[in-house]
Amino acid sequence: MTEPTARRLTLGALVHGSGGHIAGWRHPDARPDGQLDFAFHADLARTLERGRFDALFVADVVAVRGHQLDSLSRTGRAEHFEPLTLLAALSLVTEHIGLAATATTTYNHPFHIARKFASLDHISGGRAGWNAVTSAVPLEAANFGHDSHLEHELRYHRAEEFVQVVKALWDSFDDEAVVRDKATGRYYDPSGLHTPHHRGEHFAVRGPLNISRPPQGHPVVFQAGSSETGREFAARHGEVLFTTQHEQGAAQAYYADIKARAAAHGRDPAHVLVWPGLSPLVAPTETEARRRLAELQDLIHDDVARRLVQDNIGDLDLTDHPVDGPLPDIPATNRSTSRRDPLLKLAHDEKLTIRQLAHRFAAGSAVAGTPEQIADHIETWFRSYAADGFNISFPYLPGPAEDFVDQVVPLLQERGLLRTEYEGGTLRENLGLPRPAARDRHLQETGR
Ligand SMILES: Cc1cc2nc3c(=O)[nH]c(=O)nc-3n(C[C@H](O)[C@H](O)[C@H](O)COP(=O)(O)O)c2cc1C
């Protein structure tokens, strides 16, 4: 297959003060206090911009995720800034980098979300991105007056309507409708204002939105669903897709699958960017890089190790089991076993202890190596259509981010994979995504 000339590597970075590795916050050089320190985030954003990243991304869950205080209280996952507040502030100390955040479709309302991301897009000069997730953490329900979490298919049903309403609200004003013409006394052209009048199964939203069309038309839509319904939703609406594949073959299969689904929905597959996760740990030699990763793994507390295994396998209580012993026999379950069975097989075949299995989960998409090895990994996945780019999660911060920008980015640039200067003004332009025309009026006609 010949390489389309326009195809170019894109990069995003997950920004979390305590780092991507579960024990990253305990590393001697980590800055866990940075989590609630704006100066820390500002420095990190500028570092990523120096590395010509397309976007930084702030994940979000609207709850402290878990009851298991023994293990939870040993991770840095219980506190973080409200993402849009942080991104609005970061827009003032950066010029080019995209600013993306999660806002759940399960426990929000479309009007609020359309308005907030439109505002961020205006404030940042067209750099906003919205990760439109369905909530997967049941504890979020309890923070919004619900006794139970919305069922999976219903969450996606709601998400579908949610995204359509948000897009219709973003299109409330035509691009040129707000003229602010002092001479004629006309602030906006009334024929360029469209009221959605939406009445659906989940939402009734009259509209229009009280802010003019975002500079990007629509802020870039990110998505990360991995279930069958999630993939369909992502293929319909997502423009940057996060995936969790750690193996090149699995990543290639996901890549081909999601591009085919996007094409089946009438979309240009080139306008759906696939970003697997990558957690790079750079060192002068491979041995040193591996030593550094092992050092991080050793910082995982026993309670956290047990919890990692329990959460990944499910239906199992490891409280009284030694972490350096094998997994206990697992009783049969009625629940879906498609995820659990391969994990149990892995533990059995390789005779892994609970701790060793926890280390596998914690390592996730870690690639520890020399700058050349990490650049090779990125290039191989990109050229073999396993990835259009990467969602980079640094194991701890800020050191590994600085190392990546100073040592790996120049190699990617030398190889012609990564830009040396930002060429576009907006996130869409940098990502090579088209600006949606303000023409989708189907929702705006309903209910009139
Ligand atoms: C890189 C990445 C980032 C994610 N960020 C969030 C997040 O910030 N908040 C959230 O609730 N879910 C997040 N998710 C979870 C997914 O978006 C999705 O909600 C979850 O996988 C459930 O959908 P599924 O059942 O279709 O897989 C993330 C997933 C990935 C791979």
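The residues of the chain are indexed from 1 along the displayed sequence. Order of appearance sets the numbers: ligands from 1, and atoms from 1 within every ligand.
No hydrogens or angles considered: nothing links the side chains of Gln35 and Glu79 as a donor-acceptor pair under 3.5 Å. A donor-acceptor pair shorter than 3.5 Å can be found between the side chains of His157 and His202. No hydrogens or angles considered: a donor-acceptor pair under 3.5 Å links the side chains of Ser135 and Thr104.
The N/O atoms of Thr243, backbone and side chain alike, include none that comes under 3.5 Å of an N/O atom in ligand 1. The N/O atoms of Ser227, backbone and side chain alike, include one that comes under 3.5 Å of an N/O atom in ligand 1.
In terms of protein heavy atoms, atom 5 (N) of ligand 1 is closest to Asn131 ND2, 3.8 Å. When hydrogens are left out, the protein atom nearest atom 20 (C) of ligand 1 is Ala136 CB, 4.2 Å; that is the closest non-hydrogen contact. From the protein, the heavy atom lying nearest to atom 17 (O) of ligand 1 is Val133 CG1, 3.2 Å.
Residue-ligand proximity: Thr104 is placed with every non-hydrogen atom at 4.0 Å or more from ligand 1.
Side-chain contact check for Glu429 versus Tyr422: every heavy-atom pair is 4.5 Å or farther apart.
With Thr102, Thr134, Val62, Val137 as candidates, the residue nearest to atom 19 (O) of ligand 1 on a non-hydrogen basis is Thr134. Of the options Glu140, Arg155, His152, Arg65, the smallest heavy-atom separation from atom 25 (O) of ligand 1 is shown by His152. For atom 26 (O) of ligand 1, the choice among Phe233, Phe57, Tyr156 with the nearest heavy atom turns out to be Tyr156. For atom 31 (C) of ligand 1, the choice among Leu241, Val58, Asn391, Thr244 with the nearest heavy atom turns out to be Thr244. Nearest-heavy-atom check against atom 29 (C) of ligand 1 across Ala101, Gly238, Ala224 picks out Ala224.
Under 4.0 Å is where a charged nitrogen must lie from a carboxylate oxygen, and between Arg155 and Glu151 no such pair does. With salt bridges taken as basic N to acidic carboxylate O contacts below 4.0 Å, none links Arg65 and Glu140. Between Arg74 and Asp70 there is no salt bridge, since no side-chain nitrogen of the basic residue lies less than 4.0 Å from a carboxylate oxygen of the acidic one.
Distance check on atom 1 (C) of ligand 1: some protein heavy atom falls below the 4.0 Å cut-off.
In summary, of the residues considered (Leu48, Leu56, Leu417, Ile392), a side-chain contact (heavy atoms from CB on, under 4.5 Å) with Leu11 occurs for Ile392 alone.
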